[in-house]
Engineer: 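Quick one: this structure, given as structure tokens, is what I'll be asking you about.
Convention: sequence-line order gives letters A, B, ...; per-chain numbering from 1. All figures in this text were calculated on a predicted structure; none of them were measured in a lab.
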Number of protein chains: 2
Amino acid sequence: MPRLSEHNLIERPDEHGRPLGRREARKRATRTALVNVAQRRFHDDGFEETTLDDICDEVGVSRRTFFRYFKSKEDLVFPNRAERLERFVKVLTDAPDAENPFETLRRATRLFGPEYMVHREQLVAQQALIARTPSLRAREAEIDRDWEAVMARTIMGRTGDDRASAVRARVIAGACIGVIRATMRHWFETGGVEDLTQLGEDALDCLERGFALR
Amino acid sequence: MPRLSEHNLIERPDEHGRPLGRREARKRATRTALVNVAQRRFHDDGFEETTLDDICDEVGVSRRTFFRYFKSKEDLVFPNRAERLERFVKVLTDAPDAENPFETLRRATRLFGPEYMVHREQLVAQQALIARTPSLRAREAEIDRDWEAVMARTIMGRTGDDRASAVRARVIAGACIGVIRATMRHWFETGGVEDLTQLGEDALDCLERGFALR
DNA sequence: CAAAAAATGTCACTCGGTGGCACTTCGGGG
DNA sequence: CCCCGAAGTGCCACCGAGTGACATTTTTTG
């Protein structure tokens, strides 16, 4: 008995307009099934409490096959990590050469902010899961590291890679990702009710102008 | 045959002046033996390549006992994480109420910077290990999170915990830890030859005054 | 020296993750 | 249309980190 019903295998063209064969379609269906089942069970029972065998059994796939779709259990929680990073890189590389890094990041904020607010409730729940699961927090930190790294490299690409420019680029990137992460955590923990775009822009303004204190 | 030679069990008073019984002395010896053996083997063969059984066999202790000294394999690489954090907290709480967070952090930099420079070569090697080991990078990120959290809480303790103050405190803490981490990475990757205290203070200056660009 | 308490060892087990190999399924070319 | 190669999958055995239960040894204490 096939576990993936046949109507999941509708032939849709992929993002490049090529039609999907059965093979490709089936792979997509399996992947999304794994993510969906996992999301639900993680949400219901917790990440550590849910076993890969649980998920694989429900999807109807062997654990060995699972590891051909995902490198690790944690990856189920960040299924489009690569795609997100790519879009961020695109924002960075699309920026005019003269634009300063803070303005570039504000553009990214205006792109991602509204998107996050649309999926507010799902993201808040997701973040609650991450916040209470050490290995997921670790994954998230790694993602932030990636973003910080591409940002630092982009800045260096514009300002040079001598030692002074390199350290400056790293420091700016570190500060930016630091404030973005802090802002997001605040937004998540307050239930996602505030205007994320506004919060992000405010934080970046502070960073650029300096934190005037007292 | 006891694996820990008797002369490791010298009776020294602990940090509160109480003399150490055999039990306490032996525990200390076991703990440091585990750390030392692990450090050497991690450095020689790599973190993932070294098995806990390898380490335990060499120290002469069962794996079960290992887990009574350390919660995880990774903890062997950060043996005084708690103590470092405590010292950082002390710097924060010892700060006069009127001092702004950046100045407080500069004081921390002047405390930890020279210390790091003394153990330069060991720390650089250690960081190389961390940099090439995903699970160790994750641990390091967690440590940074701790520092960021205590810093945010300290700032909130001085400025109030209403929503505006809270987000501001978080953002400042995020920015500070971000630039500190970036600075340290730069220092490590350049072999620890530059003046870490100076680098740290410069980065914090930029943060406080704003990054004047172009 | 005896009894309580602390530390360690042993064993069995769970779970994430990997390598190898056989088997099935799909797609393309004759 | 069929057949052959390749892609995808399952199965099995295995490894290493981490945990719980319980017996055994060692240290402290009275």
Engineer: May I have the distance from A:Arg31 (atom CZ) to D:dG8 (atom C1'), rounded to whole angstrom?
Structural biologist: 16 Å

Engineer: Taking only N and O in the side chain of B:Thr65, is any of them less than 4.0 Å away from OP1 or OP2 of C:dT8?
Structural biologist: no

Engineer: Would you call A:Arg81 and A:Asp75 a salt bridge, taking side-chain N to carboxylate O under 4.0 Å as the test?
Structural biologist: no

Engineer: Please state how far atom CZ in B:Arg28 lies from atom P in C:dA6, giving the value in whole angstrom units.
Structural biologist: 19 Å

Engineer: Any donor-acceptor pair under 3.5 Å linking the side-chain atoms of A:Arg170 with those of B:Thr183?
Structural biologist: no

Engineer: If we count only N and O atoms by modelled type, under 3.5 Å, do the side chains of B:His186 and B:Glu194 hold a donor and an acceptor together?
Structural biologist: yes

Engineer: Between D:dC22, D:dT9, C:dA5, which nucleotide has the shortest distance from any of its atoms to the side chain of B:Arg23?
Structural biologist: C:dA5

Engineer: Grab the CZ-P distance between A:Arg68 and D:dA7 for me, whole Å please.
Structural biologist: 13 Å

Engineer: Just checking, is any N or O donor in the side chain of B:Glu74 or B:Ser135 under 3.5 Å from an acceptor N or O on the other one?
Structural biologist: yes

Engineer: With a 4.0 Å limit, can you tell me whether A:Tyr69 has a side-chain N or O closer than that to the phosphate oxygens OP1/OP2 of D:dT9?
Structural biologist: yes

Engineer: Could you write out each protein N or O paired with an N or O of nucleotides 13-19 of chain C at a distance under 3.5 Å?
Structural biologist:
{"from": "C:dG16", "atom 1": "OP1", "to": "A:Lys73", "atom 2": "NZ", "distance (Å)": "2.9"}
{"from": "C:dG16", "atom 1": "OP2", "to": "A:Leu52", "atom 2": "N", "distance (Å)": "3.2"}
{"from": "C:dG17", "atom 1": "OP2", "to": "A:Lys73", "atom 2": "N", "distance (Å)": "2.8"}
{"from": "C:dG17", "atom 1": "O6", "to": "A:Arg63", "atom 2": "NH2", "distance (Å)": "2.9"}
{"from": "C:dG19", "atom 1": "N7", "to": "A:Arg64", "atom 2": "NE", "distance (Å)": "3.1"}
{"from": "C:dG19", "atom 1": "N7", "to": "A:Arg64", "atom 2": "NH2", "distance (Å)": "3.0"}
{"from": "C:dG19", "atom 1": "O6", "to": "A:Arg64", "atom 2": "NE", "distance (Å)": "2.9"}

Engineer: Would you call the rings of B:Phe102 and A:Phe211 parallel, tilted or perpendicular, where under 30° means parallel and over 60° means perpendicular?
Structural biologist: tilted

Engineer: Consider only side-chain N and O atoms of B:Glu140 and B:Gln127, and report whether a donor and an acceptor are under 3.5 Å apart.
Structural biologist: yes

